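Notes for the one structure printed next.
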Amino acid sequence: MWKFAIHSQQPFCWQQLCNRRHLYVGNVQQQTHLELLDAAPTRSDDEWLQAKPYEKVPGPGTWQVLSYFLPGGKQYNTNLIQMNRRMREWYGDIYRFPGLMGKQDVIFTYNPNDFELTYRNEGVWPIRIGLESFTYYRKVHRPEVFGSIGGLVSEQGKDWAHIRNKVNPVQMRVQNVRQNLPQIDQISREFVDKLDTLRDPVTHILNDNFHEQLKMWAFESISFVALNTRMGLLSDRPDPNAARLAEHMTDFFNYSFKYDVQPSIWPYYKTPGFKKFLQTYDKITEITTAYIDEAIKRFEIEKDSGNECVLQQLLSLNKKVAVVMAMYMLMAGIDTTSSAFVTILYHLARNPHKQRQLHRERRRILPDSDEPLTPENTKNMPYLRACIKECMRITSITPGNFRIATKDLVLSGYRVPRGEGVLMGVLELSNSEKYFGQSGQFMPERWLKADTDPDVKACPAARSRNPFVYLAFGFGPRTCIGKRIAELEMETLLTRLLRRYQVSWLAEMPLQYESNIILSPHGIYVQVRAAC
Ligand code: HEM
């Protein structure tokens, strides 16, 4: 069961995001999986033949769905989470959401065995549709800038693999990412220093402005990794281009929700709003490229100064790759990390006993709070990592994972032909009593594989739990490429913040969430006081 309230200004439907596979964007046909469409089943084995036919998957018909979402309908004005939950109550743990207007169906499943089958059969080129506007921007609007360089979020098949294989060692290798620790630590210290000015001087309460400031922390951190540049966004005098870039990124998120997620006619007709979106992309490209050009000049002067940073490694692949990846890091690495961090703080604020336990670990790692964080002293932080995981279990800011089935699959006893969309309802499973006892309780211990101190014992279930019931960063070759960076940032800030402060939740209401591209918290009411 859900233990927190979620509210959205706008009705949202995953299918709008997932079912645009027939689109032709300008002269660029979405290179997704069209070859899979209308293909005859390839399977004739017993399991396939004995499975129930696809048509028998429970779910509403097209007209029924339309009636749900029309004014007065049962799903009118519901958000993603509410919609999913109602549909699940009505149709069960697997249901078919029919494709509208010639678009594909999406199978919604809440069965971890289906997740495993879908992922284990996705092959080396998993298909997940997203950010079609970026594909259009690169390939149709600005081909002279990007050439044939694809981007991770919007590319599929070989084109996706081509870039992912190149950037994996740069962004997924722990040691490579952790070389940024000194600067990420410095940025976290600056943010924690700034907390004094962000909280109310008398009550010490932080409100929603805190989330905006956290976005600046996330921006400052990710832009250091992506552009090797300190933007000064936590100071009173940020770099003017950085401030502009921050504004454009905010616009980008709003536009992207409107044009990549909500139904829109832009693939057929470029509305004035969509043209403004393209201008925002232009400005982000222009500023990002300018920062990269400046960094290239710096690298020339500082030649052979030791390990290559992430940007240098991306540049050695290709400058266009570096620009596209830097843009992606900025687009995908600000709202995600800051929203997840608010969630982490919220759960710790509501669970003082666990917070005290974590504080003890922090003091062991940093006996002197002025000491820097290093690869050595941050190696062994089991309770901190368990706390972060437990927060993301209760509130995974990405509530579902999507794939196009690239093989014929039998899901929950039904035939699902390749080419169909499969939406895996991760958040529901990670909040289910069936897979996590006392699922509403914040219990970091459930993730511990070994005792961390005499009072904190390992949990036997941590070793035997089905890995598919918690997938906050996705799974497989297409898992989140920013996972290591996000973990580094969140661990560092949490260490610094809790080393200095203790946090309490003062509101009667739980933290609220809006669902747009991700779950985004609001209604923050945290008190931060000096830790003893
Ligand atoms: C707490 C923070 C974050 C969460 C919860 C998160 C979650 C996710 C999830 C669930 C996916 C889909 C994975 C799949 O389909 O299997 C994803 C993909 C992705 N994420 Fe993250 N993410 C976070 C932070 C970041 C950061 C900091 C970056 C940038 C450095 C980033 C960049 C990306 C990219 C580029 C993809 C697409 C990967 C591909 O398709 O190959 N994310 N993320």
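Counting convention: from 1, in listed order, for ligands and their atoms alike. Fair warning: this is a prediction, and the values are worked out from it, not measured in the lab.
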Over-ring placement of Arg138 relative to Tyr136, 6.0 Å and 45° cut-offs: no
Checking side chain to side chain donor-acceptor pair (under 3.5 Å) between Tyr291 and each of Asn228, Asp239, Thr229, which is the one that passes? Asp239
Between the side chains of Thr495 and Arg362, does any donor sit under 3.5 Å from an acceptor? yes
Who are the ring pair (Phe, Tyr, Trp, His ring centres under 6.0 Å) partners of Tyr95, not counting sequence neighbours? Phe108
If the contact criterion is a heavy-atom separation under 4.0 Å, does Trp160 count as touching ligand 1? yes
Interfacing atoms of ligand 1 (cut-off 4.0 Å, heavy-atom, Arg164): 38 (C), 39 (C), 41 (O)
Out of Ala340, Ser339, Ala472, who gets a non-hydrogen atom closest to atom 7 (C) of ligand 1? Ala472
Is the distance between the ring centroids of Phe468 and Phe115 under 6.0 Å? no
Looking only at protein heavy atoms, which one is nearest to atom 37 (C) of ligand 1, and what is the separation? Arg128 NH2, 3.3 Å
Under-4.0 Å heavy-atom contact with ligand 1, by part of Ile222 that carries it: side chain
Does the residue Met392 have a heavy-atom contact with ligand 1, meaning some pair of atoms that are separated by less than 4.0 Å? yes
Under 4.0 Å between heavy atoms, the region of Glu489 that gets near ligand 1 turns out to be neither
Is any side-chain N of the basic residue among Lys283 and Glu286 closer than 4.0 Å to the acidic one's carboxylate O? no
Just say parallel, tilted or perpendicular for the rings of Trp217 and Phe191, cut-offs at 30° and 60°. tilted
Per-residue contact class, Phe475 against ligand 1 - non-hydrogen pairs under 4.0 Å: backbone
Which atoms of the protein, restricted to N, O or S, are nearer than 2.8 Å to atom 21 (Fe) of ligand 1? Cys480 SG
Test your reading of the model: is there a side-chain donor-acceptor pair from Glu155 to the backbone of Val153, 3.5 Å cut-off? no
Hey, does the side chain of Asn207 reach the backbone of Tyr525 with a donor-acceptor pair shorter than 3.5 angstrom? no
Near Arg478, which atoms of ligand 1 are under 4.0 Å from a heavy atom of that residue? 13 (C), 14 (C), 15 (O), 16 (O), 39 (C), 40 (O), 41 (O)
Please confirm whether Arg403 approaches ligand 1 to less than 4.0 Å, judged on its heavy atoms. yes
Checking Asn431 against Ser439: is there a side-chain donor and acceptor pair closer than 3.5 Å? no
Would you please classify the geometry between the Tyr346 ring and the Trp505 ring as parallel, tilted or perpendicular, with 30° and 60° separating the classes? perpendicular
